[in-house]
Amino acid sequence: MYLATQARIKQAVREFALRQYELEVNVIVNQPPRPAMGDMALPLAMELARKLRRPPRQIAEEIAAALRPVSGVAKVEIAGAGYVNLYLDRAAYATQLAASLTKPVPSPTAAGEKTIVEHTNINPNKAAHIGHLRNAVLGDTFVRLLRSRGELVEVQNYIDNTGVQVADLVVGFLYLERKTEQEVARMAGDPSARFDYYCWDLYASVTRFYEEDASRLELRARTLQEIEAGEQEAARVAEMVSTAIVRCHLATMLRLNVSYDLLPRESEILHLRFWEKAFELLREKGAIYLETEGKNKGCWVMRQPGAETSDGDEADAGQARDPEDNKVIVRSNGTVTYVGKDIAYQLWKFGLLGKDFHYRPFHTYPNGHTLWVSSAQAAGDSVPVFGQGQRVYNVIDVRQSYLQNIVAQGLRALGFEEEANRSIHFSYEMVALSPRCCAEMGIELSPEDRKRPYVEVSGRKGLGVKADDLIDRLIAEALREVVSRHPDEPDEVRRRIATQIAIGALRYFLLKYTCNAVIAFDFREALSFEGETGPYVQYAVVRARNIFRKLEAGGGSYDPAAVTPAVLERFLSPPEGDPCWQLLLQASQGEAAAEMAIATTEPAAVAKFAFQLAQGFNNFYHRFHILTEKDEERKAFLLWLVRMVDSRLTATLDLLGIEVPEAM
RNA sequence: GGGCGCGUAGCUCAGUGGAUAGAGCAUCUGCCUUCUAAGCAGAGGGUCGCAGGUUCGAGUCCUGCCGCGCCUACCA
């Protein structure tokens with residue numbers, strides 16, 4: 001509603017400027033600093049003053065005159081140096097807003113363009129930690145945002161089950177612990193054991209195992225080759241442990257309301273020879289070449305923009321970079337780097353590889369949704385179509401920007417300029433540990449680390465906050481509070497509420513920071529349920545709903561039909577109606593926040609909106625005592641407004657993947 | 001060295017080139033017989049790293065400098 005109104009006003013001003021001044025203008029609409037100054041402000045006159053060489057206030061008057069007849073505009077004023085401030089027709093706006101909410105969310109058509117979002121992508125060799133959660137929650141929220149705008153979205157969680165990290169874990173089982181394949185199978189299959197936790201420790205032990213004797217790195221290289229070959233014991237163990245850990249990760253993510261459509265695995269990229277196909281394409285187009293000299297001799301490398309090849313072209317302007325800076329795609333031993341496989345994967349996502357995976361069902365979620373996994377063999381029919389996206393978002397931390405650029409560059413080199421432009425690196429900063437957090441966890445810091453503002457998480461060193469531990473702790477904290485407030489509720493109910501609060505707190509915590517802020521993780525802040533937190537927003541909705549619960553418990557009822565346009569007019573009109581109007585206007589801006597969040601790949605905008613609307617409601621809640629209201633018409637109006645805010649806030653929380661508890 | 005990012009209140013962070021720079025936490029003062037105080041109201045707290053520039057207007061854009069972080073592997 002807000003966006004539609006804004007668009008109408010922009011259009012009217014654009015047409016006016018073209019007609020009157022013969023100028024193409026970009027109309028900027030923002031909010032006046034104080035609500036009393038109006039609902040929308042246009043600083044356009046100041047900008048035009050120079051071009052037209054006329055006083056800004058005079059131009060503002062003309063713009064104002066052009067805006068007065070626009071439908072939905074009640075009043076236009078000139079203020080300050082030449083701002084055009086406009087006031088909306090409140091009752092009309094409220095009526096249209098209510099009507100717009102009864103329209104169903106646009107559903108994606110089968111013929112529509114598909115957007116692929118890849119996120120989570122945890123190496124399947126250890127338990128998920130807090131850093132992985134940021135990725136998953138950002139990605140999942142972004143998916144929810146896109147779907148809310150009617151987009152068809154496919155969620156992929158790439159599984160690197162044949163990489164170095166899994167190889168290290170296999171080395172741990174087979175050479176450090178000297179376990180047999182059967183013993184590992186027993187452990188991986190034991191549902192009572194926290195297998196991912198076990199591997200967390202084992203992985204850290206393997207790091208020390210190598211440090212003790214560098215010759216043991218031979219084991220890693222050998223194991224990696226065996227895994228890639230896919231025949232021997234190491235490959236079977238790798239498949240077993242990585243699959244078991246993927247299941248742990250899925251369970252952890254489901255606790256956070258995160259789910260997926262497809263798990264494309266690196267093993268299939270290898271076995272179905274995706275890379276060979278990509279290599280062929282890259283070589284034919286000359287995107288990569290065989291280096292014949294220098295440190296990269298014998299490798300297939302990709303040209304860097306501005307870098308010389310060994311032929312010496314592109315050496316213009318003296319800016320040429322050392323050809324040794326070119327990125328190695330195929331190692332001199334013939335194996336392909338991760339980036340190479342990623343290029344093949346990215347080509348497949350756009351349907352440009354000329355190859356496809358086979359698929360089989362991997363998991364069924366409680367809501368009935370099926371999660372598929374890539375497979376080397378065809379398995380049955382009724383398999384959905386995967387890949388072939390028109391736009392791809394890769395949710396990957398900022399440290400991989402360089403590699404993501406290389407992937408896009410690979411597409412460009414193959415002539416897929418459009419697809420390269422639609423390969424969007426959804427970049428975010430890492431989650432680190434605050435010094436206090438390290439102290440709490442008993443982590444010894446080196447003297448130089450102690451001077452830093454934060455310490456980087458390291459799976460390799462086993463340094464980090466495990467996701468499930470954090471969630472458990474949040475639930476325990478929330479449960480303590482719920483139990484004290486609801487001594488009579490059944491334990492099952494209290495546990496459910498505590499879980500919803502805990503997840504609300506965690507998801508909000510991970511979303512409230514903008515993507516390029518490093519989160520220095522701190523238990524005190526993450527475990528907070530007050531102030532700018534998820535539970536604060538949840539609480540606002542619970543309060544709103546309690547009004548209706550109490551109303552009905554007291555034998556009262558609410559009739560939306562009683563809220564006629566005349567009633568809206570009566571209670572929204574200035575100046576008495578100002579507070580309610582402000583709340584309503586604020587509640588109507590969720591769409592704008594969502595659009596901003598999508599355009600800037602910044603879900604924090606929606607989190608911020610949710611908090612501010614909750615704040616607005618809490619303020620209103622204290623100011624207006626609805627159930628004691630004597631004027632029935634006024635009471636009906638206030639209930640209408642509460643319903644409206646409840647609906648908008650609930651919808652916004654849903655975008656953030658946060659549920660509303662039945663009580664708090 | 002090169003690339004990317006950051007520097008805003010004691011702390012953690014918002015801030016689409018626009019009006020008097022905002023939240024939360026922390027500190028202090030009030031408010032529970034009320035639709036639950038996981039809340040509300042209020043107070044104090046700022047050289048927006050520094051210096052130039054562009055602009056009617058700069059926390060926001062440009063340049064330089066200072067400080068910090070990440071990347072720059074035949075790891076991912």
* NA contact type, A:Ala49, heavy-atom cut-off 4.0 Å: base, sugar-phosphate, or nothing? -> nothing

* Just call it for A:Val482: base, sugar-phosphate, or nothing, with non-hydrogen atoms closer than 4.0 Å on any strand. => base

* Select from A:Thr628 and A:Pro33 the residue whose nearest nucleotide in RNA chain B is closer to the 5' end of that strand. => A:Pro33

* Between B:A58 and B:C48, how far is it from one C1' atom to the other, in whole Å? -> 11 Å

* Asked: What does A:Asp522 touch in the nucleic acid at a heavy-atom separation under 4.0 angstrom: a base, only the sugar-phosphate, or nothing?
  -> nothing

* To do: For B:A23 versus B:U8, give the span between their C1' atoms, rounded off to a whole number of Å.
  => 13 Å

* Asked: If you measure from CZ on A:Arg494 to OG on A:Ser484, what distance do you get to the nearest 0.5 Å?
  -> 9.5 Å

* Asked: Base, sugar-phosphate, or nothing for A:His486, non-hydrogen atoms under 4.0 angstrom?
  -> base

* Asked: Side chains of A:Asn618 and A:Tyr539: do they bring a donor and an acceptor to under 3.5 Å?
  -> no

* Touch class at under 4.0 angstrom, heavy-atom based, for A:Arg549 against every strand present -> nothing

* To do: Could you give the distance separating B:U54 and B:A41 at their C1' atoms, to the nearest angstrom?
  => 44 Å

* Asked: Looking across every strand, which nucleic acid part, if any, lies under 4.0 Å from A:Asn30 by heavy atom: base, sugar-phosphate, or nothing?
  -> base

* Asked: Which part of the nucleic acid, if any, lies within contact of A:Val518, taking any heavy atom under 4.0 Å across all strands shown: a base, the sugar-phosphate backbone alone, or nothing?
  -> sugar-phosphate

* Asked: If you look at every strand shown and take non-hydrogen atoms under 4.0 Å, does A:Ser332 touch a base, only sugar-phosphate, or nothing?
  -> base

* Asked: By a strict heavy-atom criterion of less than 4.0 Å, which residues belonging to residues 597-619 of chain A are in contact with RNA chain B?
  -> A:Lys608, A:Phe611, A:Gln615, A:Asn618, A:Asn619

* Using a 4.0 Å heavy-atom cut-off across all strands, classify A:Phe529 as base, sugar-phosphate, or nothing. => base

* Looking just at side-chain N and O atoms, do A:Asp39 and A:Gln31 make a donor-acceptor pair shorter than 3.5 Å? -> no

* Asked: Paired with B:G1: which nucleotide, if any, by Watson-Crick or G-U wobble criteria at under 3.5 Å for both distances?
  -> B:U72

* When you compare B:G59 with B:U47, how far apart are their C1' atoms, in angstrom units rounded to a whole number? -> 13 Å

* Short side-chain N/O contact from A:Tyr539 to OP1 or OP2 of B:A38, under 4.0 Å -> yes

* Asked: Does A:Arg485 make a side-chain donor-acceptor contact with the base of B:A38, cut-off 3.5 Å?
  -> yes

* To do: First locate atom CD1 of A:Ile396, then atom CG of A:Asn121, and finally report the distance between them rounded to the nearest 0.5 Å.
  => 6.0 Å

* Asked: When we call it a touch if two heavy atoms are under 4.0 Å apart, what does A:Asn121 touch: a base, just sugar-phosphate, or nothing?
  -> nothing

* Sugar-phosphate, base or nothing in reach of A:Ala41, heavy atoms under 4.0 Å -> base

* Asked: Is the closest side-chain donor-acceptor distance between A:Glu266 and A:Tyr158 under 3.5 Å?
  -> yes

* To do: Determine whether the side chains of A:Glu118 and A:Gln156 contain a donor N or O and an acceptor N or O closer than 3.5 Å.
  => no

* **Short side-chain to backbone donor-acceptor contact, A:Glu602 and A:Cys515, under 3.5 Å** => yes

* Check whether the ring centres of A:Phe279 and A:Trp300 lie less than 6.0 Å apart, and answer yes or no. => yes

* Same-atom distance (C1') from B:C32 to B:G39, integer angstrom -> 10 Å

* Structure fact -> Of A:Ala520 and A:Ile501, the one whose closest nucleotide on RNA chain B sits nearer the 5' end is A:Ala520

* To do: Pick base, sugar-phosphate or nothing for A:Leu551, based on heavy-atom distances below 4.0 Å to the nucleic acid.
  => nothing

